[in-house]
Amino acid sequence: LRDYVINGFPKESDMYVTANTVKLKVPEGSNGVLVKNLYLSCDPYMRGRMKPPTYASYLDSFTPGSPISGLGVAKVLDSGHPNFKRGDLIWGLTGWEEYSLITATESLFKIHNTDVPLSYYTGILGMPGMTAYVGFYEVCSPKKGEYVFISAASGAVGQLVGQFAKLLGCYVVGSAGSKEKVDLLKNTFGFDEAFNYKEEPDLSAALKRYFPEGIDIYFENVGGKMLDAVLVNMRINCRIAVCGMISQYSLEQPEGVHNLMNLILKQARMEGFMVPNYYHKYPEFLNLVLPYIKEGKIVYVEDIAEGLESGLAALAGLFTGRNVGKQVVVVARE
Ligand code: NDP
């Protein structure tokens, strides 16, 4: 990161790639691991880390002039940790660099299933997958036949929430920001309906069109005007899982929400959640999702950027909707 980015969309030029010849080594007696980074994950929460430490975020701010960090898939080259050995594949918090010395090993997961694309551990089999899983099954308390709406539906989390909801027998509608994404939702992920929110002058009217009887479950990824439109289209006992509000992350002042009173009228529940608090459920999640992938019951679309250099635009692109599916950066393939 060049310098903190307080307001506005992050840009490729807010970051830079530099050569460094420092030789990394696991210090004697340390339980750190030295890894070769393979795939890096671009995630919306990283916007918060570009702000100075005075702005609350759930992870520390990036340090200008130092490599940024994020989730990724890596291969262990050397280890002082009893649970990791040379050759192991892991996913977790690593650096945006070719090689990293990871000392926060408690955040690392060992990868045991390698008969799926390794990049999936940045997405469907990693943090975004877990987010879809706990957000949908735990927070939304879904039931067969319910009417489900998902915003940013073609992204890393949304595409999976929609497919979980379809597998349960729900009616599922998603919103996304381009025709290509809307087609993906309907034709690849099997959503019942989808619309381009950028082409809807009245979001509430659009939701009424797709949900004449109202929404039972809203999986919230964007916030702002979309949330307000959902609040006036809820069914009795609607549940809103507040996963993220990406439309607000780059604003100086978050937009106001006007229709909260409807929560009372509709006896609705709106609940935020943070995926790191659910990682103990990771094995149970894998047991559900791996067979779905292998049996072709769930598909996952990735947007692959080749090389660290292209990662900067890829990360910035999350906030303008450039990515189609889960945004991954390939540093090396093995
Ligand atoms: P995505 O892969 O969906 O990428 C972000 C997408 O957000 C873009 O492609 C774009 O799609 C959409 N977007 C960007 N800006 C706006 C805007 N102003 N208004 C509406 N949509 C916008 O990201 P993820 O699936 O990884 O994340 C989805 C949400 O989940 C985010 O809000 C994220 O912060 C949150 N999250 C929360 C977690 C938790 O623990 N609570 C964990 C992981 C993610 P489009 O073209 O459709 O506009």
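Both ligands and their constituent atoms are indexed starting at 1 by order of listing. Positions are given from 1 along the sequence.
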Show me which atoms of ligand 1 lie under 4.0 Å from any heavy atom of [X].
X	value
M245	32 (O)
A176	47 (O)
K181	9 (O), 11 (O), 45 (P), 46 (O)
M127	42 (C), 43 (C)
Y197	19 (N), 20 (C), 21 (N), 22 (C), 45 (P), 47 (O), 48 (O)
G244	32 (O), 35 (C)

Short side-chain donor-acceptor distance under 3.5 Å, [Y] and [X]:
X	Y	answer
S107	Y279	no
K326	S41	yes
S151	N221	no
S178	N196	no
S13	R2	no
Y171	E193	no

Let me see the working for L89 and L118 under side chain to side chain contact (heavy atoms under 4.5 Å, CB included), right down to the final yes or no. CA-CA 9 Å; L89 290 162; L118 271 184; 4.0 Å; yes
Pair R322 + D303, salt bridge at N-O below 4.0 Å: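 No salt bridge links R322 with D303.
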So does D192 pair up with K166, basic N to acidic O under 4.0 Å? yes
So which protein heavy atom does [atom] come closest to, and at what separation?
atom	answer
atom 40 (O) of ligand 1	V275 N, 2.8 Å
atom 3 (O) of ligand 1	G155 CA, 3.2 Å
atom 44 (C) of ligand 1	V157 CG2, 4.1 Å
atom 27 (O) of ligand 1	P44 CG, 3.5 Å
atom 42 (C) of ligand 1	T131 OG1, 3.2 Å
atom 9 (O) of ligand 1	N323 OD1, 2.5 Å
atom 13 (N) of ligand 1	I246 CG2, 3.6 Å
atom 34 (O) of ligand 1	Y249 OH, 2.6 Å

Look at the rings of F164 and Y137 and say which category their plane angle falls in: under 30° parallel, 30 to 60° tilted, over 60° perpendicular.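 Because their plane-to-plane angle lies in the 30° to 60° range, the rings of F164 and Y137 count as tilted.
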The option among C243, P276, S250 carrying the non-hydrogen atom nearest to atom 37 (C) of ligand 1 is C243
Examine [X] against ligand 1 and note whether any of their N/O atoms are separated by less than 3.5 Å.
X	value
V222	no
F273	yes
M274	no
Y45	no
V242	no
R322	no

Run the side chain to side chain contact (heavy atoms under 4.5 Å, CB included) check on T94 and S69 step by step: do they pass? CA-CA 6 Å; T94 186; S69 59; over 6 Å; no
Verify whether the ring centers belonging to F219 and F136 lie closer than 6.0 Å.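 Ring centroids of F219 and F136 are no less than 6.0 Å from each other.
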Under-4.0 Å heavy-atom contact with ligand 1, by part of [X] that carries it:
X	value
S247	both
N221	both
L318	both

Do S79 and R86 pass the side chain to side chain contact (heavy atoms under 4.5 Å, CB included) test, and can you show the C-alpha distance, the side-chain angles, and the key distance before you say yes or no? CA-CA 7 Å; S79 170; R86 186 181 166 83; over 6 Å; no
Heavy-atom distance under 4.5 Å between the side chains of E271 and R239, does that happen here? no
